[in-house]
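Notes follow once the structure below has been shown.
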Amino acid sequence: MMSRPKIDFNFLLFLTVVFLFCINPVFGQTPSTLIVLKPEYLNITPGEFYFKEVRNNLKFKEIIGNIYTSREASETEYIGLQGGVERALSDYVFKSVPIDRSLKPVVLEVNKCQIAEKRLSTGLIDGEVSLNFTFKFEKEGELVHLLDYKGGAKYKRASSNYKVISSALKQSLGSSLKYFNEWFSQRALNDIRLAKGVSLSFRDYDMVEIGDTVFYQKNHPLVWEDFKAKPHVGSKYAASIFSSFSWEGNTIVKDGVVVLDLVTKVFMLKSSSWVRSNSRDEYGLNHEQRHFDITKIIVERFKEKVNSMELSPDNYDGKIGYLYLETYREMNKMQDAYDAETEHGKNRAAQSIWNELIDQELSKYSY
């Protein structure tokens, strides 16, 4: 039988008491002195945003620092705001800055609002207000980070003059709100995070050839010299073309709108395309050209679909990227159907039908 150790409950109680006394003394404390923070006229009229909410992210929710409360005091005491920190700061912001709920909602997060003092040899008190705010834009239920702000003010006061503390705090708060208003006004029309919509323009890549790559051009059909690779050993086909497409978007923000210049590239790679030496005839070249034409048709369809999509500054890149993958699958499916029905060009009747279908499709896009 295994014996069990005895538990000394008196020792556990002692440890619990010691632990409680070791906790940071600020925990659970309430400020002994409260500052009255009155709203003031800041001469701010935001044209693009309004403050929707003020959030208190302070570690100790109701304490904003330590001050001397008398000339004789050798130690500082906790200080707070009348009505509570979050309520007092919210009232100050909401009543000092006009609210227009038709504008962009902004959330102000208070990470630091601290007052610290030290006594000088002259008897005066040297104080400092330190602020650390984060401004976020509420967009479709999510918060978008805009700006981190750090600021504050210094002051000197007699021990009986609390108004100086309130004035320094209001000066610091007012400066932070004015700074953000100026920042937002400058960024509203050219910051993608604040953009209101997306405008599209399309263009084809205008180069004919760069190194190993031949780009699709209406007046530049393929020639057998574009097929540089060695024929695949064991392949039963006369020729093979590597054809594909890509897109890239160049964006600027103009007048609060994301202007997306979407450039499409339809191309073939010489080093991945080949033809047997005894198969260099016009019929075979036409078959390979039609593969290239199919890629072009697929890209034109891609552009049409993009143009019909509802895009926002937050999702345009992801939506277009997903459509690109779907379009790539569509291209492969059409290429496979073309080869299957024409038997890789051996069925001349089917090849003739596909030639006509491809020409009709290209004509829709002025090709």
Side-chain angles (χ1 to χ4, degrees), residues 24-46 51 53-98 106-135 146-185:
N24 192 315
V26 178
F27 181 80
Q29 295 291 329
T30 57
S32 57
T33 303
L34 299 176
I35 293 178
V36 177
L37 184 62
K38 294 182 178 180
E40 58 183 340
Y41 176 69
L42 295 176
N43 193 26
I44 296 177
T45 305
F51 285 111
E53 183 182 356
V54 176
R55 294 185 179 180
N56 182 355
N57 290 345
L58 301 179
K59 183 176 181 181
F60 306 108
K61 298 299 183 182
E62 300 304 329
I63 295 174
I64 62 170
N66 304 71
I67 65 168
Y68 290 97
T69 55
S70 69
R71 185 178 182 85
E72 294 77 20
S74 59
E75 294 184 358
T76 57
E77 297 184 15
Y78 302 129
I79 185 173
L81 296 177
Q82 190 175 72
V85 171
E86 186 166 312
R87 179 179 175 183
L89 291 176
S90 297
D91 285 347
Y92 177 85
V93 172
F94 297 153
K95 294 178 180 179
S96 299
V97 181
V106 169
V107 174
L108 190 163
E109 296 185 348
V110 181
N111 307 313
K112 182 179 182 181
C113 181
Q114 183 176 353
I115 297 172
E117 291 189 340
K118 61 181 180 180
R119 193 183 294 279
L120 302 176
S121 58
T122 59
L124 293 176
I125 296 172
D126 190 41
E128 182 175 4
V129 178
S130 300
L131 301 180
N132 184 335
F133 293 165
T134 297
F135 295 89
L146 294 178
L147 175 70
D148 291 319
Y149 173 87
K150 292 183 179 180
K154 295 183 178 182
Y155 63 86
K156 285 185 173 60
R157 70 177 181 92
S159 56
S160 59
N161 187 356
Y162 293 113
K163 291 184 178 180
V164 175
I165 304 175
S166 178
S167 296
L169 179 57
K170 289 201 295 184
Q171 177 187 338
S172 301
L173 293 172
S175 295
S176 71
L177 300 182
K178 290 178 181 178
Y179 181 88
F180 178 72
N181 181 57
E182 292 176 3
W183 180 91
F184 204 105
S185 298

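What you see is a predicted model, and the numbers here were worked out from it, not measured in a lab.
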If you round to the nearest 0.5 Å, how far is CG of L42 from CG of L177?
-> 6.0 Å
Nearest non-hydrogen partners of N132 and K150, listed with the distance | ND2-CE, 3.5 Å
Aromatic contact, Y149 with Y179 (centres under 6.0 Å) = yes
Under the criterion side chain to side chain contact (heavy atoms under 4.5 Å, CB included), which of V97, L147, L108, I44 is the partner of F180?
-> L147
Check for a donor-acceptor pair, side chain of K112 on one end and backbone N or O of S130 on the other, with a separation under 3.5 Å.
-> no
Between CG on residue L81 and CZ on residue R87, distance to nearest 0.5 Å = 12.0 Å
Trace of the side-chain contact (heavy atoms from CB on, under 4.5 Å) decision for C113 with L169 | CA-CA 9 Å; C113 181; L169 179 57; 3.9 Å; yes
Roughly how far, to the nearest 0.5 Å, is the CG atom of D126 from the CG atom of L124?
-> 9.0 Å
Quick one: closest heavy-atom pair of S70 and S159, and the distance?
-> C-CB, 3.7 Å
Once you round to the nearest 0.5 Å, how far does CD of E77 lie from CD of E117?
-> 11.0 Å
Derivation of the side-chain contact (heavy atoms from CB on, under 4.5 Å) call for F133 and N111 | CA-CA 6 Å; F133 293 165; N111 307 313; 5.6 Å; no
Test item: T33 and Y78 side chains (from C-beta on) under 4.5 Å apart, heavy atoms | no
Evaluate the side-chain proximity of Y162 to I35: yes if any heavy-atom separation is below 4.5 Å, no if none is.
-> no
Would you mind reporting whether I64 and P31 have side-chain heavy atoms less than 4.5 Å apart?
-> no
Could you tell me whether the side chain of T134 reaches within less than 4.5 Å of the side chain of D148, counting heavy atoms only?
-> yes
Look up atom CD in E128 and atom OG in S172, then write down how far apart they are to the nearest 0.5 Å.
-> 9.0 Å
Specify the closest pair of heavy atoms between V54 and S90, including all atoms of both residues, with the distance to one decimal.
-> CB-OG, 3.4 Å
Heavy-atom donor-acceptor pair, R119 side chain to S121 backbone, under 3.5 Å = no
Do T122 and K156 have side chains that get closer than 4.5 Å, going by heavy atoms?
-> no
Are L173 and L89 side-chain neighbours, meaning at least one heavy-atom pair lies under 4.5 Å?
-> yes
Is the NZ atom of K154 crowded by more than 12 outside heavy atoms at less than 6.0 Å?
-> no
Polar side-chain atom of S166 near backbone of L37 as donor-acceptor pair, under 3.5 Å | no
Distance (rounded to the nearest 0.5 Å) between Y68 OH and I79 CD1 = 13.5 Å
Taking side chain as C-beta onward, heavy atoms only, is Y92 less than 4.5 Å from K170?
-> yes
Spell out, as yes or no, whether a donor-acceptor pair under 3.5 Å connects the side chain of N57 to the backbone of E109.
-> no
